[in-house]
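Notes follow once the structure below has been shown.
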2 protein chains.
Amino acid sequence: MSQSDVVDLARLRRSCAHCSLQELCLPAGITGEELAELDSIMRRRRPLNRNERLFHHGDALNCVFVAREGAFKTISISREGDETVVGFHMPGELIGLDALGDGHHRCEAIALVDSSVCEIPFDRLTEIASHIPGLQFQLMRVIGQSVSRDQDHMAMLLRRQAHERLAMFLMGLRERLEILGQRSDVFRLPMSREDIAAYLGLALETVSRAFGRLQDDGIIHVHGRSIEVLNADALDACAHGEQTPPSAGRRCGSRTQG
Amino acid sequence: MSQSDVVDLARLRRSCAHCSLQELCLPAGITGEELAELDSIMRRRRPLNRNERLFHHGDALNCVFVAREGAFKTISISREGDETVVGFHMPGELIGLDALGDGHHRCEAIALVDSSVCEIPFDRLTEIASHIPGLQFQLMRVIGQSVSRDQDHMAMLLRRQAHERLAMFLMGLRERLEILGQRSDVFRLPMSREDIAAYLGLALETVSRAFGRLQDDGIIHVHGRSIEVLNADALDACAHGEQTPPSAGRRCGSRTQG
DNA sequence: CGTGTGATTGATTCTTGTCAACTATAGTGG
DNA sequence: CCACTATAGTTGACAAGAATCAATCACACG
(Lines give C-alpha, C1' and ligand atoms only; values in the text may rest on other atoms or scores of the structure.)
Protein backbone atom coordinates (compact mmCIF):
# COMPACT_ATOMS: atom_id res chain seq x y z
CA MET A 1 0.00 0.00 0.00
CA SER A 2 1.54 3.28 -1.09
CA GLN A 3 1.57 6.52 0.79
CA SER A 4 -0.89 8.10 -1.61
CA ASP A 5 -3.35 5.27 -1.09
CA VAL A 6 -3.38 5.97 2.61
CA VAL A 7 -3.86 9.66 2.04
CA ASP A 8 -6.70 9.01 -0.37
CA LEU A 9 -8.52 6.79 2.05
CA ALA A 10 -8.15 9.37 4.77
CA ARG A 11 -9.48 12.01 2.44
CA LEU A 12 -12.43 9.86 1.50
CA ARG A 13 -13.27 9.28 5.09
CA ARG A 14 -13.06 12.93 5.85
CA SER A 15 -14.98 14.17 2.88
CA CYS A 16 -17.80 11.74 2.30
CA ALA A 17 -17.93 8.59 4.31
CA HIS A 18 -18.01 10.54 7.51
CA CYS A 19 -20.35 13.27 6.57
CA SER A 20 -23.91 14.19 6.06
CA LEU A 21 -23.86 12.78 2.57
CA GLN A 22 -24.17 9.31 4.01
CA GLU A 23 -27.83 9.85 3.48
CA LEU A 24 -27.25 10.48 -0.21
CA CYS A 25 -24.87 7.70 -1.16
CA LEU A 26 -23.66 5.30 1.49
CA PRO A 27 -26.75 3.23 2.24
CA ALA A 28 -27.17 2.49 -1.44
CA GLY A 29 -24.51 -0.18 -1.48
CA ILE A 30 -21.90 1.82 -3.28
CA THR A 31 -18.46 0.32 -3.80
CA GLY A 32 -15.29 2.05 -2.68
CA GLU A 33 -14.50 2.79 -6.30
CA GLU A 34 -17.85 4.40 -6.89
CA LEU A 35 -17.53 6.38 -3.71
CA ALA A 36 -14.18 7.65 -4.96
CA GLU A 37 -15.82 8.71 -8.20
CA LEU A 38 -18.50 10.59 -6.34
CA ASP A 39 -15.92 12.13 -4.10
CA SER A 40 -13.89 13.32 -7.05
CA ILE A 41 -16.61 15.72 -8.14
CA MET A 42 -17.49 16.86 -4.65
CA ARG A 43 -15.98 20.14 -3.53
CA ARG A 44 -15.68 21.46 -0.04
CA ARG A 45 -16.60 25.09 -0.32
CA ARG A 46 -15.17 27.83 1.80
CA PRO A 47 -17.14 28.56 4.92
CA LEU A 48 -19.93 31.08 4.59
CA ASN A 49 -20.52 33.93 6.95
CA ARG A 50 -23.89 34.61 8.50
CA ASN A 51 -26.24 36.17 5.92
CA GLU A 52 -24.04 35.16 3.00
CA ARG A 53 -25.91 33.77 0.00
CA LEU A 54 -25.26 30.38 -1.53
CA PHE A 55 -27.17 31.26 -4.67
CA HIS A 56 -29.59 33.90 -5.83
CA HIS A 57 -32.99 33.79 -7.41
CA GLY A 58 -32.60 33.24 -11.13
CA ASP A 59 -29.13 31.71 -10.94
CA ALA A 60 -28.60 28.79 -13.28
CA LEU A 61 -28.45 25.40 -11.62
CA ASN A 62 -24.75 24.62 -11.48
CA CYS A 63 -24.42 22.80 -8.22
CA VAL A 64 -26.51 21.28 -5.52
CA PHE A 65 -25.22 21.79 -2.01
CA VAL A 66 -25.16 19.80 1.16
CA ALA A 67 -25.08 21.75 4.39
CA ARG A 68 -22.15 20.58 6.52
CA GLU A 69 -22.13 22.92 9.49
CA GLY A 70 -24.47 25.70 10.48
CA ALA A 71 -27.93 26.26 9.05
CA PHE A 72 -29.55 27.79 6.00
CA LYS A 73 -32.86 29.14 4.91
CA THR A 74 -34.21 29.20 1.39
CA ILE A 75 -36.48 32.12 0.71
CA SER A 76 -38.65 33.03 -2.19
CA ILE A 77 -39.50 36.63 -2.85
CA SER A 78 -42.96 37.40 -4.09
CA ARG A 79 -43.79 39.88 -6.81
CA GLU A 80 -44.71 42.37 -4.08
CA GLY A 81 -41.34 41.97 -2.46
CA ASP A 82 -42.11 40.12 0.73
CA GLU A 83 -40.01 37.12 1.63
CA THR A 84 -41.45 33.75 2.43
CA VAL A 85 -39.22 31.12 3.94
CA VAL A 86 -39.56 27.97 1.86
CA GLY A 87 -37.42 25.84 4.11
CA PHE A 88 -34.70 25.58 6.69
CA HIS A 89 -31.72 23.36 6.02
CA MET A 90 -29.76 21.64 8.72
CA PRO A 91 -26.45 19.81 8.34
CA GLY A 92 -26.74 16.84 6.03
CA GLU A 93 -29.63 18.27 4.08
CA LEU A 94 -29.65 19.10 0.40
CA ILE A 95 -30.03 22.64 -0.86
CA GLY A 96 -30.71 23.68 -4.42
CA LEU A 97 -33.30 21.25 -5.68
CA ASP A 98 -35.65 24.15 -6.26
CA ALA A 99 -33.94 24.62 -9.64
CA LEU A 100 -34.78 21.16 -10.90
CA GLY A 101 -37.93 22.31 -12.64
CA ASP A 102 -36.53 24.72 -15.17
CA GLY A 103 -32.80 24.83 -14.47
CA HIS A 104 -32.88 28.11 -12.61
CA HIS A 105 -33.15 28.70 -8.90
CA ARG A 106 -36.54 29.94 -7.71
CA CYS A 107 -35.17 30.67 -4.27
CA GLU A 108 -32.24 32.28 -2.56
CA ALA A 109 -30.27 30.25 -0.05
CA ILE A 110 -28.90 32.22 2.88
CA ALA A 111 -26.69 31.12 5.76
CA LEU A 112 -28.45 31.77 9.06
CA VAL A 113 -25.22 31.45 11.02
CA ASP A 114 -21.62 30.90 10.00
CA SER A 115 -21.81 27.72 7.94
CA SER A 116 -20.12 25.49 5.44
CA VAL A 117 -21.30 23.36 2.55
CA CYS A 118 -20.16 20.79 0.06
CA GLU A 119 -21.00 21.52 -3.53
CA ILE A 120 -21.73 18.97 -6.22
CA PRO A 121 -21.82 19.97 -9.89
CA PHE A 122 -25.26 18.84 -10.89
CA ASP A 123 -24.49 17.70 -14.42
CA ARG A 124 -21.59 15.58 -13.17
CA LEU A 125 -23.82 14.14 -10.47
CA THR A 126 -26.55 13.01 -12.87
CA GLU A 127 -23.91 11.71 -15.25
CA ILE A 128 -22.31 9.57 -12.56
CA ALA A 129 -25.68 8.59 -11.18
CA SER A 130 -26.72 7.25 -14.58
CA HIS A 131 -24.18 4.42 -14.31
CA ILE A 132 -24.41 3.84 -10.56
CA PRO A 133 -27.93 2.53 -10.06
CA GLY A 134 -27.70 2.75 -6.29
CA LEU A 135 -26.82 6.43 -6.49
CA GLN A 136 -29.59 7.05 -8.97
CA PHE A 137 -32.06 5.46 -6.60
CA GLN A 138 -30.70 7.39 -3.67
CA LEU A 139 -30.91 10.67 -5.56
CA MET A 140 -34.56 10.00 -6.27
CA ARG A 141 -35.10 9.19 -2.64
CA VAL A 142 -33.52 12.42 -1.45
CA ILE A 143 -35.56 14.45 -3.90
CA GLY A 144 -38.66 12.61 -2.78
CA GLN A 145 -37.89 13.36 0.83
CA SER A 146 -37.63 17.02 0.00
CA VAL A 147 -41.09 16.79 -1.56
CA SER A 148 -42.33 15.14 1.61
CA ARG A 149 -40.83 17.89 3.71
CA ASP A 150 -42.64 20.47 1.61
CA GLN A 151 -45.88 18.63 2.19
CA ASP A 152 -45.26 18.54 5.92
CA HIS A 153 -44.62 22.25 5.74
CA MET A 154 -47.92 22.73 4.01
CA ALA A 155 -49.68 20.71 6.67
CA MET A 156 -48.32 23.24 9.16
CA LEU A 157 -49.92 26.09 7.31
CA LEU A 158 -53.32 24.67 6.65
CA ARG A 159 -56.01 25.61 9.12
CA ARG A 160 -53.82 25.42 12.20
CA GLN A 161 -53.58 27.97 14.94
CA ALA A 162 -50.41 29.85 15.66
CA HIS A 163 -49.33 27.80 18.67
CA GLU A 164 -50.08 24.57 16.83
CA ARG A 165 -47.93 25.63 13.91
CA LEU A 166 -45.12 26.57 16.24
CA ALA A 167 -45.41 23.28 18.08
CA MET A 168 -45.23 21.39 14.78
CA PHE A 169 -42.25 23.43 13.78
CA LEU A 170 -40.43 22.68 17.02
CA MET A 171 -41.26 18.99 16.79
CA GLY A 172 -39.86 18.90 13.27
CA LEU A 173 -36.71 20.58 14.47
CA ARG A 174 -36.37 18.10 17.32
CA GLU A 175 -36.63 15.23 14.89
CA ARG A 176 -33.91 16.64 12.68
CA LEU A 177 -31.61 17.34 15.60
CA GLU A 178 -32.05 13.77 16.74
CA ILE A 179 -31.02 12.50 13.31
CA LEU A 180 -27.91 14.63 13.67
CA GLY A 181 -27.23 13.04 17.03
CA GLN A 182 -27.63 16.35 18.82
CA ARG A 183 -29.62 17.11 21.92
CA SER A 184 -33.22 17.74 21.06
CA ASP A 185 -34.47 18.81 24.46
CA VAL A 186 -32.20 21.83 24.74
CA PHE A 187 -31.11 23.71 21.65
CA ARG A 188 -30.56 27.09 20.13
CA LEU A 189 -32.62 28.28 17.19
CA PRO A 190 -30.45 29.45 14.31
CA MET A 191 -33.24 31.57 12.87
CA SER A 192 -34.95 34.76 14.01
CA ARG A 193 -38.58 35.14 15.01
CA GLU A 194 -39.10 36.90 11.72
CA ASP A 195 -37.77 33.87 9.82
CA ILE A 196 -40.03 31.55 11.76
CA ALA A 197 -42.96 33.85 11.07
CA ALA A 198 -42.19 33.88 7.34
CA TYR A 199 -41.98 30.08 7.46
CA LEU A 200 -45.22 29.56 9.37
CA GLY A 201 -47.22 32.21 7.59
CA LEU A 202 -47.68 34.34 10.70
CA ALA A 203 -46.78 37.81 11.91
CA LEU A 204 -43.64 37.83 14.00
CA GLU A 205 -45.54 39.16 16.98
CA THR A 206 -47.85 36.19 16.73
CA VAL A 207 -44.86 33.85 16.79
CA SER A 208 -43.58 35.61 19.87
CA ARG A 209 -46.95 35.22 21.56
CA ALA A 210 -47.10 31.57 20.57
CA PHE A 211 -43.74 31.01 22.24
CA GLY A 212 -45.09 32.75 25.28
CA ARG A 213 -48.16 30.59 25.31
CA LEU A 214 -46.24 27.33 25.06
CA GLN A 215 -44.07 28.56 27.89
CA ASP A 216 -47.05 29.55 30.04
CA ASP A 217 -48.44 26.09 29.46
CA GLY A 218 -45.27 24.61 30.87
CA ILE A 219 -44.40 22.84 27.63
CA ILE A 220 -41.21 24.67 26.76
CA HIS A 221 -38.88 27.17 28.32
CA VAL A 222 -37.89 30.06 26.08
CA HIS A 223 -35.06 32.48 26.47
CA GLY A 224 -34.53 34.32 23.22
CA ARG A 225 -33.31 31.73 20.80
CA SER A 226 -32.57 29.17 23.48
CA ILE A 227 -35.28 26.58 23.73
CA GLU A 228 -35.77 23.91 26.33
CA VAL A 229 -38.45 21.32 25.73
CA LEU A 230 -39.94 20.48 29.11
CA ASN A 231 -42.70 18.19 27.94
CA ALA A 232 -42.27 16.60 24.54
CA ASP A 233 -45.54 14.69 24.72
CA ALA A 234 -47.50 17.84 25.41
CA LEU A 235 -45.67 19.60 22.61
CA ASP A 236 -46.61 16.80 20.25
CA ALA A 237 -50.19 16.90 21.44
CA CYS A 238 -50.32 20.65 20.97
CA ALA A 239 -48.92 20.24 17.46
CA HIS A 240 -51.95 18.14 16.63
CA GLY A 241 -54.59 20.33 18.13
CA GLU A 242 -55.28 18.32 21.23
CA GLN A 243 -56.23 20.76 23.89
CA THR A 244 -55.67 18.76 27.06
CA PRO A 245 -52.78 16.34 26.68
CA PRO A 246 -53.13 13.25 28.90
CA SER A 247 -49.92 13.34 30.90
CA ALA A 248 -49.06 16.98 31.42
CA GLY A 249 -49.19 20.52 29.98
CA ARG A 250 -51.61 21.70 32.54
CA ARG A 251 -53.71 24.02 30.44
CA CYS A 252 -52.75 23.85 26.81
CA GLY A 253 -55.32 25.84 24.91
CA SER A 254 -56.65 27.90 27.78
CA ARG A 255 -54.18 30.54 28.77
CA THR A 256 -56.53 33.25 29.93
CA GLN A 257 -59.53 31.21 30.96
CA GLY A 258 -60.05 30.14 34.57
CA MET B 1 -44.34 -1.69 -44.73
CA SER B 2 -46.34 -4.49 -43.17
CA GLN B 3 -49.78 -4.27 -41.72
CA SER B 4 -48.48 -4.69 -38.19
CA ASP B 5 -46.09 -1.77 -38.66
CA VAL B 6 -48.96 0.47 -39.50
CA VAL B 7 -50.91 -0.69 -36.52
CA ASP B 8 -47.94 -0.15 -34.26
CA LEU B 9 -47.41 3.37 -35.47
CA ALA B 10 -51.06 4.13 -35.00
CA ARG B 11 -50.92 2.69 -31.54
CA LEU B 12 -47.89 4.77 -30.66
CA ARG B 13 -49.58 7.88 -31.85
CA ARG B 14 -52.64 7.11 -29.84
CA SER B 15 -50.86 6.07 -26.68
CA CYS B 16 -47.91 8.36 -26.26
CA ALA B 17 -47.00 10.70 -29.05
CA HIS B 18 -50.39 12.28 -28.96
CA CYS B 19 -50.94 12.49 -25.28
CA SER B 20 -50.12 14.33 -22.17
CA LEU B 21 -46.88 12.43 -21.84
CA GLN B 22 -45.33 14.67 -24.46
CA GLU B 23 -44.24 16.68 -21.51
CA LEU B 24 -42.49 13.70 -19.99
CA CYS B 25 -40.67 12.22 -22.99
CA LEU B 26 -41.14 13.81 -26.36
CA PRO B 27 -39.22 17.07 -26.03
CA ALA B 28 -36.19 15.21 -24.76
CA GLY B 29 -35.10 14.16 -28.22
CA ILE B 30 -36.15 10.58 -27.92
CA THR B 31 -35.87 8.31 -30.92
CA GLY B 32 -38.78 6.30 -32.24
CA GLU B 33 -37.18 3.16 -30.89
CA GLU B 34 -36.86 4.63 -27.42
CA LEU B 35 -40.41 5.88 -27.58
CA ALA B 36 -41.50 2.37 -28.42
CA GLU B 37 -39.61 1.08 -25.42
CA LEU B 38 -41.29 3.59 -23.16
CA ASP B 39 -44.62 2.81 -24.71
CA SER B 40 -44.14 -0.89 -24.06
CA ILE B 41 -44.23 -0.43 -20.32
CA MET B 42 -47.04 2.12 -20.36
CA ARG B 43 -50.48 0.83 -19.61
CA ARG B 44 -53.77 2.47 -20.34
CA ARG B 45 -55.81 1.88 -17.25
CA ARG B 46 -59.53 1.46 -17.20
CA PRO B 47 -61.45 4.66 -16.71
CA LEU B 48 -62.13 5.66 -13.13
CA ASN B 49 -65.46 6.79 -11.84
CA ARG B 50 -65.90 9.94 -9.86
CA ASN B 51 -64.61 9.46 -6.29
CA GLU B 52 -62.68 6.32 -7.19
CA ARG B 53 -59.20 6.08 -5.70
CA LEU B 54 -56.05 5.60 -7.73
CA PHE B 55 -54.06 4.65 -4.67
CA HIS B 56 -54.40 4.83 -0.92
CA HIS B 57 -52.25 6.22 1.83
CA GLY B 58 -49.60 3.67 2.70
CA ASP B 59 -49.72 1.82 -0.63
CA ALA B 60 -46.33 0.78 -1.95
CA LEU B 61 -45.09 2.75 -4.92
CA ASN B 62 -45.77 0.47 -7.88
CA CYS B 63 -46.70 2.90 -10.57
CA VAL B 64 -46.74 6.56 -11.29
CA PHE B 65 -49.75 7.80 -13.19
CA VAL B 66 -50.44 10.39 -15.80
CA ALA B 67 -53.88 11.87 -15.86
CA ARG B 68 -55.36 11.57 -19.35
CA GLU B 69 -58.91 12.79 -19.01
CA GLY B 70 -60.76 14.24 -16.08
CA ALA B 71 -59.16 15.58 -12.94
CA PHE B 72 -57.78 14.28 -9.67
CA LYS B 73 -57.01 15.50 -6.22
CA THR B 74 -54.36 14.14 -3.91
CA ILE B 75 -55.27 14.43 -0.28
CA SER B 76 -53.35 13.81 2.87
CA ILE B 77 -55.20 12.90 6.03
CA SER B 78 -53.88 14.30 9.26
CA ARG B 79 -53.62 12.39 12.50
CA GLU B 80 -56.82 14.09 13.60
CA GLY B 81 -58.63 12.89 10.52
CA ASP B 82 -59.16 16.05 8.53
CA GLU B 83 -58.28 16.06 4.87
CA THR B 84 -55.99 18.56 3.29
CA VAL B 85 -55.80 18.76 -0.47
CA VAL B 86 -52.15 18.55 -1.46
CA GLY B 87 -52.77 19.16 -5.11
CA PHE B 88 -55.08 18.98 -8.08
CA HIS B 89 -54.03 17.10 -11.18
CA MET B 90 -55.17 17.98 -14.63
CA PRO B 91 -54.66 15.94 -17.81
CA GLY B 92 -51.00 15.52 -18.65
CA GLU B 93 -49.86 15.86 -15.08
CA LEU B 94 -48.05 13.24 -13.05
CA ILE B 95 -49.60 11.65 -9.99
CA GLY B 96 -47.83 9.52 -7.45
CA LEU B 97 -44.52 11.23 -6.88
CA ASP B 98 -45.44 11.64 -3.23
CA ALA B 99 -44.12 8.10 -2.67
CA LEU B 100 -40.62 8.89 -3.92
CA GLY B 101 -39.33 9.61 -0.45
CA ASP B 102 -39.83 6.27 1.23
CA GLY B 103 -41.49 4.11 -1.37
CA HIS B 104 -44.97 4.43 0.08
CA HIS B 105 -47.69 6.84 -0.82
CA ARG B 106 -48.28 9.62 1.68
CA CYS B 107 -51.43 10.70 -0.08
CA GLU B 108 -54.57 9.29 -1.60
CA ALA B 109 -55.38 10.15 -5.19
CA ILE B 110 -59.07 10.49 -5.95
CA ALA B 111 -60.84 11.13 -9.24
CA LEU B 112 -62.88 14.32 -9.00
CA VAL B 113 -64.91 13.43 -12.07
CA ASP B 114 -64.97 10.40 -14.34
CA SER B 115 -61.37 10.14 -15.46
CA SER B 116 -58.72 7.98 -17.02
CA VAL B 117 -55.02 7.55 -16.50
CA CYS B 118 -51.97 5.88 -17.92
CA GLU B 119 -49.90 3.93 -15.47
CA ILE B 120 -46.16 3.42 -15.62
CA PRO B 121 -44.46 0.80 -13.44
CA PHE B 122 -41.97 2.90 -11.58
CA ASP B 123 -39.13 0.41 -11.44
CA ARG B 124 -39.35 -0.16 -15.20
CA LEU B 125 -39.41 3.58 -15.77
CA THR B 126 -36.24 4.27 -13.81
CA GLU B 127 -34.61 1.25 -15.43
CA ILE B 128 -35.36 2.51 -18.93
CA ALA B 129 -34.52 6.06 -17.94
CA SER B 130 -31.07 4.96 -16.83
CA HIS B 131 -30.09 4.17 -20.43
CA ILE B 132 -32.04 6.96 -22.10
CA PRO B 133 -30.35 10.14 -20.90
CA GLY B 134 -33.02 12.38 -22.38
CA LEU B 135 -35.73 10.55 -20.47
CA GLN B 136 -33.68 10.68 -17.29
CA PHE B 137 -33.35 14.42 -17.68
CA GLN B 138 -37.01 14.82 -18.43
CA LEU B 139 -37.98 12.77 -15.40
CA MET B 140 -35.92 15.07 -13.20
CA ARG B 141 -37.56 18.04 -14.81
CA VAL B 142 -41.06 16.76 -14.19
CA ILE B 143 -40.26 15.99 -10.58
CA GLY B 144 -38.73 19.44 -10.22
CA GLN B 145 -41.84 21.03 -11.66
CA SER B 146 -43.94 19.22 -9.12
CA VAL B 147 -41.71 20.67 -6.41
CA SER B 148 -42.20 24.10 -7.94
CA ARG B 149 -45.93 23.62 -7.96
CA ASP B 150 -45.83 22.75 -4.28
CA GLN B 151 -43.92 25.92 -3.60
CA ASP B 152 -46.43 27.97 -5.54
CA HIS B 153 -49.13 26.31 -3.49
CA MET B 154 -47.33 27.34 -0.35
CA ALA B 155 -47.09 30.90 -1.58
CA MET B 156 -50.87 30.85 -1.83
CA LEU B 157 -51.22 29.93 1.79
CA LEU B 158 -48.74 32.30 3.34
CA ARG B 159 -50.19 35.51 4.68
CA ARG B 160 -52.70 36.04 1.91
CA GLN B 161 -56.31 36.91 2.30
CA ALA B 162 -59.07 34.58 1.19
CA HIS B 163 -59.91 36.38 -2.04
CA GLU B 164 -56.23 36.66 -2.94
CA ARG B 165 -55.74 32.93 -2.45
CA LEU B 166 -58.75 32.20 -4.57
CA ALA B 167 -57.56 34.56 -7.29
CA MET B 168 -54.15 32.86 -7.31
CA PHE B 169 -55.84 29.50 -7.49
CA LEU B 170 -57.97 30.54 -10.44
CA MET B 171 -54.97 32.06 -12.22
CA GLY B 172 -53.06 28.82 -11.77
CA LEU B 173 -55.98 26.89 -13.18
CA ARG B 174 -56.18 29.23 -16.17
CA GLU B 175 -52.53 28.67 -16.90
CA ARG B 176 -52.92 24.92 -16.85
CA LEU B 177 -56.01 24.99 -19.03
CA GLU B 178 -54.10 27.09 -21.54
CA ILE B 179 -51.31 24.52 -21.64
CA LEU B 180 -53.98 21.95 -22.42
CA GLY B 181 -55.24 24.11 -25.23
CA GLN B 182 -58.60 24.58 -23.53
CA ARG B 183 -60.53 27.76 -23.01
CA SER B 184 -59.30 29.54 -19.93
CA ASP B 185 -61.87 32.32 -19.79
CA VAL B 186 -64.85 30.02 -19.40
CA PHE B 187 -64.54 26.70 -17.64
CA ARG B 188 -66.07 24.33 -15.17
CA LEU B 189 -64.39 23.53 -11.88
CA PRO B 190 -64.01 19.80 -11.35
CA MET B 191 -63.71 20.21 -7.58
CA SER B 192 -66.16 21.19 -4.86
CA ARG B 193 -65.96 24.29 -2.68
CA GLU B 194 -64.89 22.01 0.11
CA ASP B 195 -61.96 20.72 -1.94
CA ILE B 196 -60.90 24.25 -2.79
CA ALA B 197 -61.17 25.19 0.86
CA ALA B 198 -59.02 22.24 1.90
CA TYR B 199 -56.51 23.28 -0.76
CA LEU B 200 -56.40 26.93 0.19
CA GLY B 201 -56.49 26.42 3.94
CA LEU B 202 -59.84 28.12 4.41
CA ALA B 203 -63.32 27.25 5.57
CA LEU B 204 -65.64 26.40 2.72
CA GLU B 205 -67.91 29.27 3.61
CA THR B 206 -65.00 31.61 3.25
CA VAL B 207 -64.29 30.23 -0.21
CA SER B 208 -67.89 30.80 -1.15
CA ARG B 209 -67.71 34.39 0.08
CA ALA B 210 -64.47 34.95 -1.79
CA PHE B 211 -66.15 33.82 -5.00
CA GLY B 212 -68.93 36.23 -4.24
CA ARG B 213 -66.53 39.05 -3.69
CA LEU B 214 -64.64 38.48 -6.95
CA GLN B 215 -68.00 38.42 -8.69
CA ASP B 216 -69.16 41.62 -7.01
CA ASP B 217 -65.96 43.25 -8.13
CA GLY B 218 -66.79 42.37 -11.71
CA ILE B 219 -63.71 40.17 -12.09
CA ILE B 220 -65.42 36.83 -12.61
CA HIS B 221 -68.87 35.47 -13.07
CA VAL B 222 -69.74 32.48 -10.92
CA HIS B 223 -72.55 30.03 -11.31
CA GLY B 224 -71.90 27.01 -9.14
CA ARG B 225 -68.89 25.35 -10.63
CA SER B 226 -69.06 27.30 -13.85
CA ILE B 227 -66.59 30.14 -13.92
CA GLU B 228 -66.25 32.95 -16.40
CA VAL B 229 -63.24 35.20 -16.12
CA LEU B 230 -64.37 38.67 -17.10
CA ASN B 231 -61.17 40.53 -16.36
CA ALA B 232 -58.02 38.48 -16.28
CA ASP B 233 -55.78 41.47 -15.50
CA ALA B 234 -57.84 42.36 -12.47
CA LEU B 235 -57.82 38.75 -11.37
CA ASP B 236 -54.06 38.70 -11.64
CA ALA B 237 -53.80 41.97 -9.75
CA CYS B 238 -56.09 40.66 -7.03
CA ALA B 239 -53.96 37.54 -6.78
CA HIS B 240 -51.06 39.75 -5.87
CA GLY B 241 -52.75 41.92 -3.34
CA GLU B 242 -53.23 45.00 -5.47
CA GLN B 243 -56.43 46.60 -4.35
CA THR B 244 -57.33 48.86 -7.27
CA PRO B 245 -56.32 47.27 -10.57
CA PRO B 246 -55.54 49.84 -13.28
CA SER B 247 -57.94 48.82 -16.05
CA ALA B 248 -61.08 47.53 -14.39
CA GLY B 249 -62.55 45.66 -11.45
CA ARG B 250 -64.33 48.68 -10.16
CA ARG B 251 -63.90 48.19 -6.46
CA CYS B 252 -61.66 45.25 -5.69
CA GLY B 253 -61.09 45.27 -1.98
CA SER B 254 -64.12 47.29 -0.93
CA ARG B 255 -67.29 45.33 -1.23
CA THR B 256 -69.28 46.86 1.55
CA GLN B 257 -67.65 50.24 1.87
CA GLY B 258 -69.08 53.28 0.12
C1' DC C 1 -92.42 16.55 -7.28
C1' DG C 2 -89.98 15.55 -3.18
C1' DT C 3 -85.14 14.61 -1.57
C1' DG C 4 -80.41 15.20 -0.71
C1' DT C 5 -76.21 17.25 -1.75
C1' DG C 6 -73.68 21.27 -2.64
C1' DA C 7 -73.54 26.21 -2.37
C1' DT C 8 -74.73 30.67 -0.45
C1' DT C 9 -75.73 33.99 3.06
C1' DG C 10 -76.18 35.85 7.81
C1' DA C 11 -74.85 36.63 12.77
C1' DT C 12 -71.47 36.11 16.07
C1' DT C 13 -67.07 34.90 18.16
C1' DC C 14 -62.34 34.20 18.04
C1' DT C 15 -57.77 34.57 16.15
C1' DT C 16 -54.52 37.05 14.22
C1' DG C 17 -52.55 41.23 12.02
C1' DT C 18 -51.28 45.85 12.82
C1' DC C 19 -49.47 49.73 15.10
C1' DA C 20 -47.00 51.13 18.86
C1' DA C 21 -44.35 51.23 22.98
C1' DC C 22 -41.20 49.00 25.61
C1' DT C 23 -37.33 45.64 27.11
C1' DA C 24 -33.26 42.93 26.51
C1' DT C 25 -29.17 41.90 24.34
C1' DA C 26 -24.96 42.20 21.80
C1' DG C 27 -21.73 45.00 19.76
C1' DT C 28 -19.13 49.52 19.53
C1' DG C 29 -16.31 53.10 20.79
C1' DG C 30 -14.92 56.45 24.22
C1' DC D 1 -15.26 49.54 32.18
C1' DC D 2 -19.21 51.88 30.99
C1' DA D 3 -22.40 54.34 28.25
C1' DC D 4 -24.42 54.34 23.70
C1' DT D 5 -26.60 52.32 19.86
C1' DA D 6 -28.68 49.08 16.95
C1' DT D 7 -31.02 45.00 16.57
C1' DA D 8 -34.06 41.43 18.23
C1' DG D 9 -37.73 40.19 20.98
C1' DT D 10 -41.76 41.02 23.96
C1' DT D 11 -46.08 42.97 25.24
C1' DG D 12 -50.44 45.72 24.86
C1' DA D 13 -54.56 47.78 22.51
C1' DC D 14 -57.31 47.66 18.76
C1' DA D 15 -59.32 46.38 14.29
C1' DA D 16 -59.90 43.37 10.50
C1' DG D 17 -60.55 38.95 8.69
C1' DA D 18 -61.90 34.38 8.98
C1' DA D 19 -64.09 30.40 11.59
C1' DT D 20 -68.16 28.73 13.32
C1' DC D 21 -72.95 27.84 13.78
C1' DA D 22 -77.13 28.00 11.53
C1' DA D 23 -80.51 28.81 8.13
C1' DT D 24 -81.68 29.12 3.45
C1' DC D 25 -81.28 28.43 -1.48
C1' DA D 26 -80.30 25.93 -6.00
C1' DC D 27 -79.95 22.08 -8.50
C1' DA D 28 -79.55 17.29 -10.00
C1' DC D 29 -81.61 12.90 -9.38
C1' DG D 30 -84.79 9.43 -8.69
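Protein chains get the first letters and strands the later ones, always in sequence-line order, with residue 1 at the start of each. If you're wondering where the values come from, they're calculated on a predicted model, not measured in any experiment.
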Carboxylate-amine/guanidinium contact B:Asp216 B:Arg209, below 4.0 Å: no
Provide, to the nearest angstrom, the distance between the CZ atom belonging to A:Phe211 and the C1' atom belonging to D:dT10. 12 Å
Candidate list A:Glu69, A:Glu52, A:Glu119, test salt bridge (Lys or Arg N to Asp or Glu O under 4.0 Å), partner A:Arg45, passing option: A:Glu119
Here the distance between atom C1' of C:dT5 and atom CD of B:Glu194, to the nearest Å, is 11 Å
Whole-Å distance between D:dA26 C1' and B:Arg225 CZ? 14 Å
Under 4.0 Å between a side-chain N/O of A:Arg193 and OP1 or OP2 of D:dT10, yes or no? yes
Which residues pass the salt bridge (charged side-chain N to carboxylate O under 4.0 Å, His left out) test with B:Glu205, not counting sequence neighbours? none
Looking at B:Arg106 and A:Asp152, does any basic side-chain N land under 4.0 Å from a carboxylate oxygen? yes
Would you kindly give the CG-to-C1' distance between A:Leu112 and D:dA8, to the nearest whole Å? 15 Å
Between C:dT8 (C1') and B:Leu214 (CG): distance, integer Å: 15 Å
Distance in angstrom units between A:Leu166 CG and C:dT15 P, rounded: 16 Å
Nearest to the side chain of A:Ser208, heavy atoms from C-beta on, is which of C:dT8, D:dG9, C:dG6? D:dG9
For A:Met191 and D:dA8, give me the distance from atom CE to atom P, rounded to whole Å. 15 Å
Give the B/S/- string for nucleotides 16-27 of chain C, one per nucleotide from 5' to 3', where a protein heavy atom under 4.0 Å of the base yields B, of only the sugar-phosphate yields S, and otherwise -. SSBBB----S--
Is a salt bridge present between A:Arg213 and A:Glu164, judged by a nitrogen-to-oxygen distance below 4.0 Å? no
List the atom pairs, with distances to 0.1 Å, where a side-chain N or O of residues 170-181 of chain A and a protein N or O form a donor-acceptor pair under 3.5 Å, not counting sequence neighbours.
{"residue": "A:Arg174", "atom": "NH1", "partner": "A:Ser184", "partner atom": "O", "Å": "3.0"}
{"residue": "A:Arg176", "atom": "NE", "partner": "A:Glu93", "partner atom": "OE2", "Å": "3.1"}
{"residue": "A:Arg176", "atom": "NH2", "partner": "A:Phe88", "partner atom": "O", "Å": "2.5"}
{"residue": "A:Arg176", "atom": "NH2", "partner": "A:Glu93", "partner atom": "OE1", "Å": "2.8"}
{"residue": "A:Glu178", "atom": "OE2", "partner": "A:Ser184", "partner atom": "OG", "Å": "2.9"}

